[in-house]
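Throughout, residue positions are numbered sequentially from 1 according to the sequence presented. Just follow the structure's listing: the first ligand is 1, and inside any ligand the first atom is 1.
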Amino acid sequence: MVEQERSLAELRETFRSGRTRGIGWRKAQLRALLKLMDDNEDQIFNALQRDLGKHPVEAYRDEVGVVKKSANYSLSCIDKWMAPRQGRIPLLFFPVRGQVLPEPLGLVLIFSSWNFPISLSLDPLIGALSAGNTVVLKPSELASECSSFLAKTIPLYLDRKAVKVIEGGTDVAEHLLKQKWDKIFFTGSPRVGRIVMSAAAEHLTPVTLELGGKCPTILDSLSDSSDLKVAVKRIAGGKWGPCSGQACIGIDYVLVEHKFASTLIELLKKTIKRFYGENPKSLKNLCRIVNKHQFDRLRNILEDPAVAASIVHGGSLDEENLTIEPTILLDPPLDAEIMTEEIFGPLLPIITLSNIHESIEFINSRPKPLAIYAFTKDETFKKEILTETSSGSLTFNDVMIQFICDTLPFGGVGQSGFGRYHGKYSFDTFSHEKAVLERSFFLELESRYPPWNEFKMQFIRLAYSFDYFRLLLLFLGLKRRFT
Ligand code: NAD
């Protein structure tokens, strides 16, 4: 831990030196990160393969490609983001100049999770560096190959006096949380999110919490069979595609009308076979469950007799390889763990309703999700979902693509977290917007100072309630009346 404290002292010193504030340094770090990704693509694929069994195509789509896209986007926008913005100042203070100046926060701590161990570490890092901060990155110990890759490789490319990777589990994390930070950016579970937030309160440290939860998908009856096929493919891809369902914005469960459930199940079964193969004993293109603890958690969920009775497809588990077959459950009990906790695995409950409009009440009676997906062509229903539900994001007729849109904020609401990042939102998350005003010594308004009189009272009342062009005119009139 002495080593940890020495590292933090060095990072604070680097920040104080002002080196990280310049645009040249920021761009150099982003370019170095891009080079790191280019030079080490195979090593990243290998690390993701060993930690999670992630196929290189999935690894590029969800991790390497995401980071490169994000770094390139920041590089192309950073001049604009850093430029001070003019603030419109009331004419009352004329002559005056007002600006909003983004400045770095200082030393920031980033905690990442194991399911996308590269992108969820480096994407926030891009934001922190673009904004000119020094950084400690604490990757998840559960994706140990990726954590060790980041710890070994980052110092070879980035400014090692400004960015440090500190590896370790709960003890290391707890010790880090005792330190004073200028910002903590946490990706992980709501349980640990609470621990992070209470530790941050000690030093009044601002936090961003990127948490999880149950993300529902509403499937309206789509009359056109080709639309339905597209919807089912996207649902299957969004449930089992990214990290075998171990994804914060992955689909947790599907809401559908009773009459439509059997069609959906048949189409999903066909899609599963096409994506992952016919034989449940040798499934292809599926990540494994991250560790035995998570595997046992999912097995326990399925062993609940009432839940087991609701399985309509899949359900086989391979303990040796830590894989679970894509599994579909029809109407499991709503008070079972599968419907009360985030599933975070390849189990897909289908919940049937008499009318799809009931899905709004179903969602609203549970914690606010990180994402809601809705497949529908009914414009009135879309509007109802939009205005009557609350979630970190809402996507119509597709799943998960919101994650790769740099121009949209990514983050939760309520129990799914708070704060946002991606693109400019990342830059803002790691910056402080400083208000800067510069007045002239010319033109002094005596009404702001004592001794008080009725004229000054009227003047101040008007100053707060009128537009300032009119105020100047009134000022002259009032002055004549009271003096
Ligand atoms: P986690 O909360 O167990 O761990 C996240 C981080 O916190 C890790 O770096 C871990 O080392 C650290 N940590 C663990 N215990 C700690 C403690 N007692 N004190 C301090 N730090 C501690 O989460 P996880 O298992 O890595 O990830 C799964 C969860 O993360 C799910 O709930 C998922 O929905 C959520 N998640 C959210 C997003 C998002 O962007 N919103 C992305 C991925 C995962």
Side-chain angles (χ1 to χ4, degrees), residues 4 51-52 62-63 66 70 109-125 127 136-144 146-148 150-151 165-179 181 184-200 202 205 207-215 242-252 287 289-295 297-298 340-345 367-371 391-393 400 402-404 408-422 425-426 429:
Q4 198 184 91
D51 278 335
L52 292 155
D62 297 347
E63 311 241 24
V66 170
S70 199
L109 172 64
I110 297 173
F111 276 117
S112 56
S113 80
W114 49 263
N115 52 344
F116 299 92
I118 300 295
S119 58
L120 294 182
S121 298
L122 299 184
D123 215 2
L125 179 67
V136 166
L137 169 64
K138 212 297 278 161
S140 170
E141 69 283 15
L142 302 187
S144 57
C146 289
S147 172
S148 122
L150 292 169
V165 180
I166 296 184
E167 288 193 277
T170 310
D171 52 336
V172 171
E174 282 171 351
H175 191 261
L176 284 171
L177 284 178
K178 289 195 182 118
Q179 310 300 317
W181 303 94
I184 301 176
F185 184 100
F186 173 81
T187 302
S189 60
R191 182 186 69 80
V192 182
R194 285 187 184 92
I195 297 173
V196 169
M197 200 165 159
S198 47
E202 178 67 24
T205 304
V207 290
T208 293
L209 298 181
E210 295 288 340
L211 309 178
K214 295 178 83 63
C215 301
C243 209
S244 263
Q246 303 169 103
C248 56
I249 50 166
I251 296 174
D252 195 274
C287 284
I289 306 306
V290 66
N291 58 26
K292 180 77 169 48
H293 172 74
Q294 290 294 328
F295 183 86
R297 181 185 63 80
L298 290 161
T340 57
E341 300 295 323
E342 181 180 16
I343 298 171
F344 226 60
K368 292 178 181 179
L370 185 56
S391 53
S393 64
M400 301 190 74
Q402 73 274 26
F403 187 78
I404 52 167
L408 297 179
F410 183 85
V413 58
Q415 204 170 299
S416 52
F418 56 82
R420 55 217 181 131
Y421 76 126
H422 287 183
Y425 299 97
S426 292
T429 281

Whether Phe111 and Phe186 hold their rings parallel, tilted or perpendicular, with breakpoints at 30° and 60°: perpendicular
Nearest-neighbour protein heavy atom for atom 27 (O) of ligand 1, which is reported as residue plus atom name and distance: Ser113 CB, 3.4 Å
Side chains of Ser416 and Pro369: closer than 4.5 Å at any heavy-atom pair? no
So which heavy atom in the protein is nearest atom 31 (C) of ligand 1, and how far is it from that ligand atom? Glu342 OE1, 3.4 Å
Which one holds for Ile195 and ligand 1: side chain close, backbone close, both close, or neither close, with close meaning a heavy atom under 4.0 Å? side chain
Test your reading of the model: is there a side-chain donor-acceptor pair from Lys368 to the backbone of Gly392, 3.5 Å cut-off? no
Is the closest side-chain heavy-atom distance between Leu52 and Asn115 below 4.5 Å? no
Any heavy atom of Phe116 sitting closer than 4.0 Å to ligand 1? no
Does the side-chain contact (heavy atoms from CB on, under 4.5 Å) test come out yes or no for Phe403 and Asp62, once each step is laid out? CA-CA 9 Å; Phe403 187 78; Asp62 297 347; over 6 Å; no
Side chain proximity check, Phe116 to Cys248, heavy atoms < 4.5 angstrom: no
N/O of Gly188 under 3.5 Å from N/O of ligand 1, yes or no? yes
For a side-chain hydrogen bond (donor to acceptor under 3.5 Å, both in side chains) with Glu167, tell me which candidate from Ser144, Ser140, Ser147 qualifies. Ser147
When you measure from atom 6 (C) of ligand 1 to every protein heavy atom, which one gives the shortest distance, and what is it? Phe186 CE1, 3.6 Å
For Val196, run the side chain to side chain contact (heavy atoms under 4.5 Å, CB included) check against Leu211, Thr205, Leu177 and tell me which one passes. Leu177
Element-labelled atoms of ligand 1 that are located less than 4.0 Å from some non-hydrogen atom of Leu370: 41 (N)
So, do Ile249 and Phe410 sit near enough that their side-chain heavy atoms are less than 4.5 Å apart? yes
Which bit of Ser416 is near ligand 1, meaning a heavy atom under 4.0 Å away: side chain, backbone, both or neither? neither
Atoms of ligand 1, numbered as shown, that sit under 4.0 Å from any heavy atom of Leu120: 42 (C), 43 (C)
Search all heavy atoms of Phe295 against all heavy atoms of Ile289 and return the closest pair with its distance. N-CG2, 3.5 Å
Would you please test Thr208 and Tyr421 for side-chain contact (heavy atoms from CB on, under 4.5 Å) and show each step? CA-CA 9 Å; Thr208 293; Tyr421 76 126; 5.8 Å; no
Which of the atoms of ligand 1 are close to Glu210, meaning less than 4.0 Å from one of its heavy atoms? 37 (C), 38 (C), 39 (C), 40 (O), 41 (N)
How far is atom 5 (C) of ligand 1 from the closest protein heavy atom, and which atom is that? Thr187 O, 3.5 Å
May I ask you to check whether Ser189 has an N/O atom sitting below 3.5 Å from an N/O atom of ligand 1? yes
Give me the nearest non-hydrogen protein atom to atom 18 (N) of ligand 1 as residue plus atom name, then the distance to 0.1 Å. Thr170 CG2, 3.2 Å
Does ligand 1 come near enough to Glu141 that some N or O of the ligand is less than 3.5 Å from an N or O of the residue? yes
Show which atoms of ligand 1 fall inside a sub-4.0 Å distance from at least one heavy-atom site of Glu174. 18 (N), 19 (N)
Under a 4.0 angstrom heavy-atom cut-off, which atoms of ligand 1 come close to Phe344? 28 (C), 31 (C), 33 (C), 34 (O)
I need the nearest protein heavy-atom contact for atom 16 (C) of ligand 1: residue, atom name and distance, please. Val192 CG1, 3.5 Å
Heavy-atom check, side chain of Leu122 versus side chain of Leu150, under 4.5 Å: yes
Of all the atoms in ligand 1, which lie at a distance below 4.0 Å from a heavy atom belonging to Asn115? 43 (C), 44 (C)
Where does Leu211 meet ligand 1, judged by heavy-atom distances below 4.0 Å: at the side chain, the backbone, both, or neither? backbone
Residues Thr170, Val192; criterion side-chain contact (heavy atoms from CB on, under 4.5 Å); working and verdict: CA-CA 10 Å; Thr170 310; Val192 182; over 6 Å; no
Pick one of side chain, backbone, both or neither for how Leu142 approaches ligand 1, counting any non-hydrogen atom pair under 4.0 Å. neither
Which of these, Cys248, Gly392, Gly417, has its nearest heavy atom closest to atom 37 (C) of ligand 1? Cys248
Under-4.0 Å heavy-atom contact with ligand 1, by part of Val196 that carries it: neither
Please step through side-chain contact (heavy atoms from CB on, under 4.5 Å) for the pair Leu298 and Ile343, ending with a clear verdict. CA-CA 8 Å; Leu298 290 161; Ile343 298 171; 4.2 Å; yes
Is the backbone N or O of Cys287 less than 3.5 Å from a side-chain atom of Ser244, with the two atoms forming a donor-acceptor pair by type? yes
Taking atom 20 (C) of ligand 1 as the reference point, the nearest protein heavy atom with its distance: Ala173 CB, 3.5 Å
For atom 24 (P) of ligand 1, what's the nearest protein heavy atom and its distance? Trp114 NE1, 3.4 Å
Atoms of ligand 1 less than 4.0 Å from Leu177 heavy atoms? 20 (C)
Does Ser112 come within less than 4.0 Å of ligand 1, judged by its heavy atoms? yes
